[in-house]
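Proteins get letters first, then strands, A, B, ... in listed order; numbering begins at 1 in each.
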2 protein chains.
Amino acid sequence: MQVKEDTATQILDAAERLVQSRGFNGFSYAHIASELQITKAALHYHFSGKAELGEALIARYAARFADALENVGSQFKDAPSRLNAYADLYLEVLRNKRMCLCGMLAAEYQTLPAPMQNTVVQFFADNETWLTRVLEQGQSDGTLEFEGPPSEVARMIVSGLEGAMLVARPLDDVAGFQAVAHHLLTGLRRTSPDTSQS
Amino acid sequence: MQVKEDTATQILDAAERLVQSRGFNGFSYAHIASELQITKAALHYHFSGKAELGEALIARYAARFADALENVGSQFKDAPSRLNAYADLYLEVLRNKRMCLCGMLAAEYQTLPAPMQNTVVQFFADNETWLTRVLEQGQSDGTLEFEGPPSEVARMIVSGLEGAMLVARPLDDVAGFQAVAHHLLTGLRRTSPDTSQS
DNA sequence: GTCTATAGGCAGATAGAC
DNA sequence: GTCTATCTGCCTATAGAC
């Protein structure tokens with residue numbers, strides 16, 4: 001592994017952390033420049049403008065997330081385990097004291113350049129598609145049980161996890177996030193521990 | 001009712017709408033001024049700075065929300081109805097194409113002045129307290145059934161609704177929000193409609 | 001209460017040297 | 001690739017007239 005990443009990657013890393021903690025309207029080229037000890041002008045060499053940097057940011061994030069989903073799919077075979085692993089992806093982001101990149105951008109949606117808006121929407125659509133398939137799988141093999149269309153439940157999972165991150169950060173309550181994730185997912189398990197009489 | 005509200009109220013109304021749609025870092029005094037057809041300087045007469053305006057904004061929003069919760073408590077007596085009415089408060093905000101004020105500020109939390117941060121946290125705490133009481137009531141009288149501490153379920157409801165708003169706005173999908181709210185709340189009802197054979 | 005005028009700073013961005 | 005220097009514009013905020 002190289003000791004130092006290339007500048008473009010360093011810029012993306014810094015920008016990503018800044019957006020996930022402060023929002024797209026809450027950071028500037030000056031923030032990144034001072035952190036990397038280079039000038040603002042140098043940033044423009046790598047990313048022509050803030051909008052282009054933002055697009056690159058979402059593209060990399062979405063690609064990384066897609067990879068993570070693929071890993072989840074290969075490491076876990078049953079639907080409940082896949083859902084747990086999915087929630088753990090969010091948990092790791094929160095542990096780094098960050099909001100989901102696209103969750104943050106969703107809040108600022110109305111102020112974003114159109115290309116960024118479209119990519120944010122695509123991110124949520126892709127997540128729901130993946131979740132829908134997992135839910136259908138669990139419903140078919142009997143490991144999951146729920147009412148209504150799987151796509152609606154998928155939306156509930158995405159919404160619940162995004163909202164749990166959103167609320168957990170001001171409250172500085174990682175355990176609260178985990179509790180919400182647990183409640184969201186255990187409600188879908190067919191083999192609930194012991195709710196009624198055996 | 002008066003034909004024209006006083007200027008301070010008009011400013012709060014405009015600022016509220018702007019923050020709920022664009023975020024605290026996504027609007028400026030210039031936006032409000034042009035909307036109300038007055039100058040930026042006039043705004044400073046009513047609210048000395050953006051931070052003070054922000055504090056006033058949350059204070060009014062929280063007071064209004066507290067009133068709404070009181071109304072819900074007096075209009076509906078059983079826990080499931082109260083939860084439905086609670087979710088409808090969020091639905092109305094979304095119908096106006098807005099994000100919950102404190103949900104938006106939660107995203108921008110790290111960039112907010114300290115007094116605003118504290119009030120945002122208080123908002124969520126108050127909501128969870130109210131919901132916890134409703135959940136305890138429903139659990140006692142048997143209209144609700146769930147596992148784990150009521151406070152955790154309260155957190156799940158707040159998180160789920162906030163997240164559902166967050167995601168619904170970019171997707172422009174009010175129906176999706178309603179579906180999520182339905183799934184979140186029906187999972188708590190003891191008398192589920194007809195999940196198994198009759 | 002609202003205005004004009006302006007201060008002082010930071011934003012995103014560019015030109016051109018090295 | 002990175003720099004210095006600079007531009008233009010918008011930001012929050014203030015002074016002082018009306």
Side-chain angles (χ1 to χ4, degrees), chain A residues 2-58 104-105 107-117, chain B residues 2-58 104-105 107-117:
Chain A
Q2 68 265 25
V3 174
K4 189 178 177 181
E5 309 234 336
D6 68 301
T7 306
T9 303
Q10 285 183 289
I11 293 170
L12 285 171
D13 290 342
E16 186 175 72
R17 190 182 48 71
L18 283 164
V19 174
Q20 288 187 266
S21 55
R22 302 179 51 91
F24 192 73
N25 295 326
F27 90 102
S28 72
Y29 266 35
H31 285 114
I32 305 177
S34 81
E35 182 166 330
L36 301 190
Q37 300 263 258
I38 56 176
T39 60
K40 289 184 291 173
L43 299 180
H44 283 281
Y45 171 80
H46 297 280
F47 299 95
S48 58
K50 203 184 177 184
E52 289 72 28
L53 174 56
E55 291 177 54
L57 229 39
I58 311 180
M104 182 65 86
L105 296 177
E108 301 176 291
Y109 188 78
Q110 289 205 338
T111 70
L112 299 180
M116 289 183 67
Q117 290 184 329
Chain B
Q2 68 263 29
V3 175
K4 188 178 178 180
E5 309 235 336
D6 69 302
T7 306
T9 302
Q10 284 183 289
I11 294 170
L12 285 171
D13 290 343
E16 188 176 70
R17 191 182 47 72
L18 283 164
V19 174
Q20 288 186 267
S21 55
R22 301 179 52 91
F24 192 72
N25 294 326
F27 90 103
S28 72
Y29 268 35
H31 285 114
I32 304 176
S34 81
E35 183 164 330
L36 301 190
Q37 300 264 260
I38 57 176
T39 59
K40 292 182 288 175
L43 299 180
H44 284 280
Y45 170 80
H46 297 279
F47 300 95
S48 58
K50 203 183 176 185
E52 289 72 28
L53 174 56
E55 291 178 54
L57 228 38
I58 311 181
M104 182 65 86
L105 296 176
E108 302 176 291
Y109 189 77
Q110 288 205 339
T111 71
L112 299 180
M116 289 183 69
Q117 291 184 328

note = Note: A:Ser34 and A:His31 closest approach over all heavy atoms is OG-O, 3.2 Å

inquiry  = Output one letter per nucleotide in nucleotides 8-15 of chain D: B when a protein non-hydrogen atom lies under 4.0 Å from the base, S when only the sugar-phosphate is that close, - when neither is.
reply    = ---SBBBB

task = Go through DNA chain C in 5' to 3' direction and return only the first and the last nucleotide with some atom under 4.0 Å of chain A's heavy atoms.
result = C:dA11 to C:dA15

query = Looking at B:Leu12, B:Asp13, B:Ile11, B:Leu105, which one forms a side chain to side chain contact (heavy atoms under 4.5 Å, CB included) with B:Leu57?
reply = B:Leu12

key: Side-chain (A:His46) to main-chain (A:Leu43) donor-acceptor, under 3.5 angstrom   = no

message = Just so I know, are the side chains of A:Thr7 and A:Tyr45 near enough to count as touching, which here means a heavy-atom distance under 4.5 Å?
response = no

task = Measure across A:Phe47 and A:Tyr29 and return the closest heavy-atom pair with its distance rounded to 0.1 Å.
result = O-OH, 3.1 Å

query = Between the main-chain N or O of B:Ala41 and the side-chain N or O of B:His44, is there a donor-acceptor pair closer than 3.5 Å?
reply = no

Please report, to 0.1 Å, the donor-acceptor pairs under 3.5 Å made by any side chain of residues 19-27 of chain A, with sequence neighbours excluded.
from, atom 1, to, atom 2, distance (Å)
A:Gln20, OE1, A:Arg98, NH1, 3.0
A:Gln20, NE2, A:Met99, O, 2.8
A:Ser21, OG, A:Arg17, O, 2.8
A:Ser21, OG, A:Leu18, O, 3.4
A:Arg22, NE, A:Gly26, O, 2.7
A:Arg22, NH2, A:Gly26, O, 3.1
A:Asn25, ND2, A:Thr111, OG1, 2.8

